[in-house]
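Report on the structure given below.
Just follow the structure's listing: the first ligand is 1, and inside any ligand the first atom is 1. Only heavy atoms go into these numbers, but all of them, side chains included; no hydrogens, no water, no symmetry mates.
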Amino acid sequence: MEQASPGPYPAQPAAGDDIGRDIYALAEKIFPISRSITGDGVRKTLDILAEHIELERHEVPSGAQVFDWTVPREWNIRAASIRDMQGRTIVDFADSNLHVLNYSVPFKGVLPLSELRKHIHTLPEQPQAIPYRTSYYAEDWGFCMAHERLEEMPDAEYSVEIDSELKQGSLTYGECLLPGETDREVLLSAHICHPSMANDNCSGLAMLAFLAAGLKKRPRRYSYRFLFAPGTIGALAWLARNEQRLGQIDHGLALSCVGDGGGPTYKRSRRGDAFIDRAMALVVGRRGDGAKLLDFSPYGYDERQFCSPGFNLPVGLFQRSAFATFPEYHSSADDLSFIRPEHLAASYRMIMEAIEIIEGDWTPINLCPKGEPQLGRRGLYSARGGNRSTASSTMAMLWVLNLADGDHSLLAMAERSGLPFGELAGAAALLREHGLLADAPARRP
Ligand code: ZN
């Protein structure tokens, strides 16, 4: 395995509050687009993301076999509505793309309410919200609407039309690679298949684009791969096309629901003790009461595919509120008022913090291990006590010196000392400058 030397720490200044506004503005721009696992909505979204980053676009033809799955026909939709026999509109796709069961086959007809009801999905417990429902792999048509609107519909006949199309086309995904000093990779992914929902996952898509834009400007020890793929089938298509390269992935994160004020939540990779699991535990675990660290489970987003036993990649899931735990989830209530620039900015910083750990980790060895080296003589120890920041930087130096036995990387030191990784990395850099630390010799595997 190619060994990369750690970069300077910190490699970039902390992002200001503008980053939250920028991410929000991009999420807002892609929000209205009608997306699905295939079709022009994904392409339009990638076009907008490509205004911020260099995106390579891939098309996988309908019918292509990806492991146990087949890429379905391409779905596009122009219009859909339910009207009463007087021509008054009850439901119109033009008002909300959630109104149509995603992947509905085309349909046109006149039905009594009793028949139509079998094709209508509502949320009785949230009577004002439109649910988000899909039927990708079973041919069906349907509408989604506010339960209270359904309750108002008189028992009569209705004229129904879904002007959609399923054709031999392709599935689209986008990819951006930022090469680093080594070809060891960090994989960051977000699903691009949901229609107008802000947190799940316009927030994740916009976040991913700004992470790529931010990382492009800095020196990188690792190469970074950003994947914008439709959920499940898109991730599988990418895995199938990149199987030979998967061994290069050292760390990964799936991102979704990163714009609300909950959590933060980190779900560990299937490995449970991967470097990313430990780094995210540091970042998330010290974020107070709302913070949640969850063990891997085979349900959620595309970490399910990345962590399937045939791949078992070190990929975890980062979210603010965990999916399916907030009432807005998978409904029209997950709108642009549900996400906030300040939450997006906080999520951005947390992910960047994990990246700083990935980039900045190294294993030092103490060159003066018998007793404490005399720091004062080297100007590293403040003789006058009482200055808090001096005290904490001294503590960081003492921890680094003590744990620099070749068995502890900086991440392990942060775990054991409870000190922020950044402080320990800064202390280690200073001690190395003063000749007290060196790179530990590489261990034999
Ligand atoms: Zn979802």
Ring centroid separation for Y348 and F210, is it under 6.0 angstrom?
no

Does H99 have its ring centroid less than 6.0 Å away from the ring centroid of F93?
no

Could you walk me through whether Y266 and D277 satisfy the side-chain hydrogen bond (donor to acceptor under 3.5 Å, both in side chains) test, starting with their C-alpha distance in whole Å, then the side-chain angles of each, then the deciding distance to 0.1 Å, before giving a yes or no?
CA-CA 8 Å; Y266 176 71; D277 299 324; 2.6 Å; yes

Is it true that atom CD of E148 has more than 12 heavy atoms of other residues, nucleotides or ligands lying nearer than 6.0 Å?
yes

Under 3.5 Å, which donor-acceptor pairs do the side chains of residues 121-130 form with other protein atoms, sequence neighbours left out?
from, atom 1, to, atom 2, distance (Å)
T122, OG1, H147, ND1, 2.8
Q126, NE2, P327, O, 2.8

Just by distance, do the side chain of Q65 and the backbone of F67 share a donor-acceptor pair under 3.5 Å?
yes

Distances under 2.8 Å only: what protein N/O/S atoms are near the Zn ion (ligand 1), ordered by chain and residue?
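Protein N/O/S atoms under 2.8 Å of the Zn ion (ligand 1): H194 NE2, D200 OD2, H330 NE2.
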
